[in-house]
Amino acid sequence: VPLFHVTGSHSVLIPCMAGGTKIVLMQRWNAERALELIETEKINSLTGVPTQMWQLLDSPDFARRDTSTIEGVGYGGAAAAPELTMRFKEAFPAIWPGQGYGATETTSVATGNSAEDYLRKPDSVGLAVPVCDIKIIDADGNALPVGGVGEICVYGPNVVKGYWNKPEATAKAFVDGWYHTGDVGRIDEEGFVYVMDRIKDMLIRGGENIYCVEIEDVLYSHPMVLEAAIVGLPHKVLGEEVGAIVRVKQA
């Protein structure tokens with residue numbers, strides 16, 4: 001995970017430095033090189049986005065590399081298909097995979113799902129971490145009951161105070177200490193959080209945020225484009241792929 005991502009910084013670099021743990025870094029992501037490093041460096045823990053985990057499992061080198069030292073696997077940053085959980089459990093029977101949910105604004109993880117819970121509810125991002133409170137609100141800001149679908153909001157000491165020199169954006173995203181994520185979700189009767197969609201006009205491809213309007217602006221710059229819209233298409237490995245609907249001008 002790149003260290004300029006909050007996951008790489010706050011969920012990997014800082015805790016590893018605090019605990020004196022060795023970190024093996026790659027200059028550029030490559031599944032085959034990662035498998036080689038797992039074998040030669042005897043890596044016991046992996047952290048990444050679901051795209052990277054799919055690529056490891058699907059690599060032609062996976063079967064011939066020694067991955068027996070792996071004791072823990074965690075991923076987040078984008079939607080993970082339940083199928084990925086089952087694939088990992090088949091490949092590593094003794095390992096309990098896990099995933100987290102959060103944002104830069106929540107200093108990385110706000111919820112976590114792992115071990116038996118993750119296999120029981122692979123479509124959930126898990127329970128709120130001990131320092132966080134999470135609620136679901138409707139369009140008017142009212143808290144919804146169990147099972148209600150609305151915007152996910154996070155509260156806790158890990159939530160940042162606001163955006164640097166952006167008072168309007170801060171006022172909109174942070175209300176009474178609650179961070180409004182822009183994600184649509186629900187919470188079940190056991191407290192497990194489910195992320196269902198995004199309110200913001202944004203896609204997440206392989207863990208990277210893609211803003212639709214930016215791509216639409218580029219398409220509109222073409223002299224033959226009359227109308228354009230960007231939509232997210234489900235993708236097993238990347239989570240989402242960018243789809244473009246374009247109406248061209250009459251010749």
Side-chain angles (χ1 to χ4, degrees), residues 1-104 106-120 122-126 129 158 204-210 235-241:
V1 182
L3 299 183
F4 62 79
H5 273 210
V6 71
T7 301
S9 175
H10 287 75
S11 291
V12 179
L13 177 63
I14 291 175
C16 284
M17 290 182 67
T21 303
K22 176 181 177 179
I23 305 175
V24 179
L25 299 174
M26 300 179 65
Q27 183 177 11
R28 185 179 298 275
W29 168 252
N30 175 273
E32 287 65 47
R33 174 61 175 156
L35 288 166
E36 179 185 355
L37 288 172
I38 290 170
E39 180 179 89
T40 58
E41 299 289 338
K42 302 189 183 305
I43 291 171
N44 56 27
S45 180
L46 299 176
T47 301
V49 297
T51 300
Q52 294 171 302
M53 302 306 167
W54 277 116
Q55 290 173 349
L56 285 176
L57 293 173
D58 290 339
S59 170
D61 288 359
F62 182 80
R64 72 179 187 88
R65 289 294 184 181
D66 181 7
T67 58
S68 61
T69 57
I70 297 295
E71 299 174 350
V73 176
Y75 41 84
E83 182 185 350
L84 179 59
T85 310
M86 304 310 168
R87 283 282 304 275
F88 252 107
K89 195 58 182 172
E90 291 174 4
F92 300 96
I95 293 177
W96 300 102
Q99 77 161 319
Y101 165 75
T104 301
T106 63
T107 321
S108 194
V109 177
T111 73
N113 197 3
S114 62
E116 296 91 343
D117 281 340
Y118 193 24
L119 294 181
R120 186 166 60 94
D123 52 342
S124 170
V125 294
V129 298
N158 55 321
I204 298 181
R205 181 184 184 276
E208 294 288 350
N209 294 347
I210 297 175
H235 193 283
K236 183 183 76 170
V237 176
L238 297 172
E240 284 182 317
E241 184 59 81

Inset, instruction - Report yes if the side chains of D58 and K236 come closer than 4.5 Å at any heavy-atom pair, otherwise no. - result: yes

Legend entry - Point-to-point distance, once rounded to the nearest 0.5 Å, from CG of L46 to CD1 of I70: 4.0 Å

Legend entry - Exercise: identify the closest heavy-atom pair between A91 and L57: CB-CD2, 3.9 Å

Legend entry - Taking every non-hydrogen atom, the tightest pair across N158 and T106: ND2-O, 2.8 Å

Legend entry - Under 3.5 Å donor-acceptor, S59 side chain and L56 backbone: no

Inset, instruction - Flag the pair P97 / F92 as yes when at least one side-chain heavy-atom distance between them is below 4.5 Å, and no otherwise. - result: no

Legend entry - Nearest-0.5 Å distance, CG of residue N113 to OG1 of residue T85: 8.0 Å

Legend entry - Separation between CE of M53 and CD of Q99, rounded to the nearest 0.5 Å: 11.0 Å

Legend entry - Salt-bridge present (R33, E36; N to O < 4.0 Å): yes

Inset, instruction - Working to the nearest 0.5 Å, report the span between CZ of F62 and OG1 of T67. - result: 4.5 Å

Inset, instruction - Provide the closest heavy-atom pair for H5 versus G207 in the form atom of the first, atom of the second, distance. - result: CE1-O, 3.8 Å

Legend entry - Under 3.5 Å donor-acceptor, K89 side chain and W96 backbone: no

Legend entry - Closest non-hydrogen atom pair, D66 against I38: O-CG2, 4.1 Å

Legend entry - Spatial distance of atom CD (E41) from atom OG1 (T69) [nearest 0.5 Å]: 10.0 Å

Legend entry - Check: E71 side chain, N44 main-chain N or O, donor-acceptor pair, under 3.5 Å: no

Legend entry - M26 CE: over 12 foreign heavy atoms closer than 6.0 Å: yes

Inset, instruction - Check step by step if side-chain contact (heavy atoms from CB on, under 4.5 Å) holds for V49 and T7. - result: CA-CA 9 Å; V49 297; T7 301; over 6 Å; no

Inset, instruction - Calculate, to the nearest 0.5 Å, the distance between atoms CZ and NE2 belonging to R205 and H235 respectively. - result: 7.5 Å

Inset, instruction - Grab the two heavy atoms, one from S11 and one from S108, that are nearest each other, plus how far apart they are. - result: OG-OG, 2.5 Å

Inset, instruction - Specify the closest pair of heavy atoms between H10 and T107, including all atoms of both residues, with the distance to one decimal. - result: CD2-CG2, 3.1 Å

Legend entry - Under the side-chain hydrogen bond (donor to acceptor under 3.5 Å, both in side chains) test, residues paired with R28 that sit two or more places apart: none

